[in-house]
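Numbered from 1 within each chain, the chains take letters A, B, ... in sequence-line order.
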Amino acid sequence: MSTVFPQWEVFVRARRGLDHQHAGSVHAPDGETALRAARDLFTRRQEGVSLWVVPSNEIVASDPADVGALFEPAADKAYRFPTSYELPPEVDHM
Amino acid sequence: MNQAHFDALIEADERIEPDDWMPDDYRNALVRQIAQHAHSEIIGMQPEGEWITRAPSLRRKAILTAKVQDEAGHGLYLYGAAESLGTPRSELLDRLHTKTQKYSSIFNYPTPEWADIGAIGWLVDGAAIMNQVPLCRCSYGPYGRAMVRICKEESFHQRQGYQIMLSLSQGTPEQQAMAQRALDRWWWPSIMMFGPPDSDSPNTGRSMAWGIKRFTNDELRQNFVDATVPQAELLGLTPPDNALVWNAERGHYDFGEPDWDEFARMVRGEGEIPDVRIGVRRAAHDEGDWVRKAAAAYAGKRDARSAA
């Protein structure tokens with residue numbers, strides 16, 4: 001029977017000043033090895049300046065079935081957007 | 001080596017990220033500035049929060065609730081950025097509660113009338129935006145990224161405030177007079193939000209060299225006056241400054257000298273309002289203790305159950 005390594009989610013910072021962004025995942029026995037695998041898999045062409053790896057089973061994700069309950073209540077609150085305030089053209093760039 | 005690498009990054013206008021080496025002075029200056037900024041956001045909830053129940057319509061109540069909720073969110077973005085420098089949030093809150101760290105003294109002015117809420121959105125948030133847009137390019141990555149989020153959300157704050165002023169200035173003579181009183185109250189404090197004059201701002205040079213600050217206090221103050229005077233004219237309101245006049249040669253408005261003695265008194269936290277603000281904040285924290293305990297107990301119980 002073949003050994004199955006745990007899965008790690010990989011986040012890459014493309015350059016300084018930007019957030020780490022999710023790039024994909026790797027399998028590795030530990031974090032150090034996962035980092036090395038991520039480096040080889042996702043940054044062969046200088047795609048990043050920093051890497052994070054996080055055990056995939058540590059990620060707590062929202063349930064797609066909850067999308068309505070979670071996000072729809074914001075839809076009827078147009079007043080949270082600057083466009084919902086009409087101002088005279090002279091000051092509309094405010 | 002470390003210092004040389006840091007200097008080279010700053011010189012190249014690159015961003016510093018949390019796991020980079022940085023000089024202690026840089027780290028301390030950032031913790032101080034970001035924490036003070038975070039404290040200002042959550043203390044700023046109070047003068048406006050007081051008006052939610054008294055706002056004149058359901059729409060205005062909803063808007064004000066959303067705005068106060070945003071201020072809480074901005075505080076949390078900023079506490080997160082400060083924590084990335086190694087100071088835990090609990091410690092930052094302790095420093096606020098014990099008055100060893102400050103918040104912006106603009107929130108120590110009273111808000112006796114509804115028009116004050118309009119003036120705060122228009123002027124105080126307007127001045128904040130003027131300050132904050134350049135901070136999106138701050139040399140410390142997490143602070144800059146927090147500021148991008150905040151600036152995006154801040155725009156509605158200023159526009160709703162101006163719209164309140166617009167409604168009042170097109171209203172009855174009493175409403176117009178109330179709008180003018182609010183401008184009279186908030187004009188100078190807003191001008192002073194940019195901090196002491198450059199000639200008396202000891203930290204400006206260092207902050208500019210480090211790329212934490214991008215413009216001096218006086219430069220931002222001038223930008224604010226230039227942007228705001230035409231907005232006041234459109235409202236038919238007059239800023240309380242006899243020296244205010246367009247200078248065609250400079251291409252800027254000339255304006256009078258703020259009362260820097262008053263500014264110093266406000267920064268020292270004189271008057272009754274600072275104790276009220278900190279008292280309300282501490283009470284909110286202390287009275288929320290049972291919620292934190294309940295959440296921890298629930299999580300503990302669930303862990304125990306899944307372990308069984």
Side-chain angles (χ1 to χ4, degrees), chain A residues 8-23 31-32 34-36 38-39 42-43 46-63 66 69-94, chain B residues 9-10 12-20 58-67 69-70 73 121-122 125-126 129 136-146 148-149 151-167 169-170 211 227-228 230-235:
Chain A
W8 303 75
E9 299 302 318
V10 178
F11 297 82
V12 181
R13 189 198 297 287
R15 57 184 171 79
R16 287 170 177 281
L18 300 182
D19 290 307
H20 286 80
Q21 291 237 337
H22 187 238
E32 283 297 310
L35 260 187
R36 255 179 264 155
R39 178 260 184 207
F42 293 105
T43 60
Q46 289 195 308
E47 286 91 339
V49 296
S50 170
L51 283 169
W52 285 348
V53 292
V54 180
S56 302
N57 60 9
E58 290 285 318
I59 289 184
V60 181
S62 62
D63 187 333
D66 293 340
L70 287 177
F71 306 114
E72 270 169 25
D76 63 355
K77 297 179 178 59
Y79 50 81
R80 283 188 176 142
F81 294 90
T83 42
S84 102
Y85 302 87
E86 274 187 39
L87 298 182
E90 301 93 308
V91 295
D92 200 37
H93 59 274
M94 181 185 290
Chain B
L9 287 174
I10 295 287
D13 204 11
E14 289 270 4
R15 300 294 176 264
I16 308 299
E17 295 294 348
D19 41 9
D20 287 322
L58 186 57
R59 174 176 158 81
R60 290 293 178 198
K61 287 183 210 298
I63 292 170
L64 202 50
T65 306
K67 182 172 189 295
Q69 191 184 21
D70 274 358
W122 169 38
D125 289 306
I129 290 170
C136 297
R137 294 189 294 118
C138 169
S139 63
Y140 186 58
Y143 191 24
R145 291 193 286 276
V148 171
R149 275 178 189 276
C151 286
K152 227 159 103 183
E153 297 178 354
E154 201 80 47
S155 168
F156 117 63
H157 297 183
Q158 190 187 19
R159 290 174 71 91
Q160 64 83 35
Y162 192 80
Q163 207 191 47
I164 291 174
M165 297 303 275
L166 199 60
S167 309
S169 67
Q170 292 167 349
T228 309
Q231 295 164 358
E233 276 169 8
L234 197 71
L235 295 172

Inset, instruction - Can you establish whether the number of heavy atoms outside B/Arg149 located under 6.0 Å from its atom CZ is more than 12? - result: no
Legend entry - Segment of B/Leu166 engaging chain A (4.5 angstrom heavy-atom cut-off): side chain
Inset, instruction - Heavy-atom distances under 4.5 Å only: say whether B/Asp70 touches chain A with side chain, backbone, both or neither. - result: neither
Legend entry - B/Arg159, part contacting chain A, at a heavy-atom distance under 4.5 Å: both
Legend entry - Top contributor to chain B interface from A/Leu18, A/Val49, A/Thr83 [non-hydrogen pairs under 4.5 Å]: A/Leu18
Inset, instruction - Look up atom CD in B/Glu233 and atom CD in A/Glu90, then write down how far apart they are to the nearest 0.5 Å. - result: 11.0 Å
Inset, instruction - Evaluate the criterion side chain to side chain contact (heavy atoms under 4.5 Å, CB included) for residue pair B/Ile63 and A/Tyr85; output intermediate values, then yes/no. - result: CA-CA 11 Å; B/Ile63 292 170; A/Tyr85 302 87; 3.4 Å; yes
Legend entry - Residues, nucleotides or ligands: over 12 heavy atoms within 6.0 Å of A/Arg39 CZ: no
Legend entry - Non-hydrogen atoms of B/Glu17 and A/Gly17 that approach each other most closely: OE2-N, 2.7 Å
Legend entry - Nearest-0.5 Å distance that lies between atom OG1 in B/Thr228 and atom CE in A/Met94: 8.0 Å
Legend entry - Among B/Gln158, B/Glu14, B/Arg137, residue most engaged with chain A (heavy-atom pairs, under 4.5 Å): B/Gln158
Legend entry - Heavy-atom closest contact (B/Ile16 atom, A/Arg16 atom, distance): CA-NH1, 4.1 Å
Legend entry - Gap separating the CG atom of B/Asp19 from the CH2 atom of A/Trp52, nearest 0.5 angstrom: 8.5 Å
Legend entry - Which portion of B/Glu154 sits near chain A, non-hydrogen atoms under 4.5 angstrom: neither
Legend entry - More than 12 heavy atoms from other groups under 6.0 Å of CD on A/Gln21: no
Legend entry - A/Lys77, NZ: over 12 other non-hydrogen atoms inside 6.0 angstrom: yes
Inset, instruction - Against chain B, label A/Arg15 side chain, backbone, both or neither, depending on which of its atoms sit under 4.5 Å from a heavy atom there. - result: neither
Legend entry - Shortest non-hydrogen contact from A/Tyr79 toward B/Ala62: CE1-O, 3.5 Å
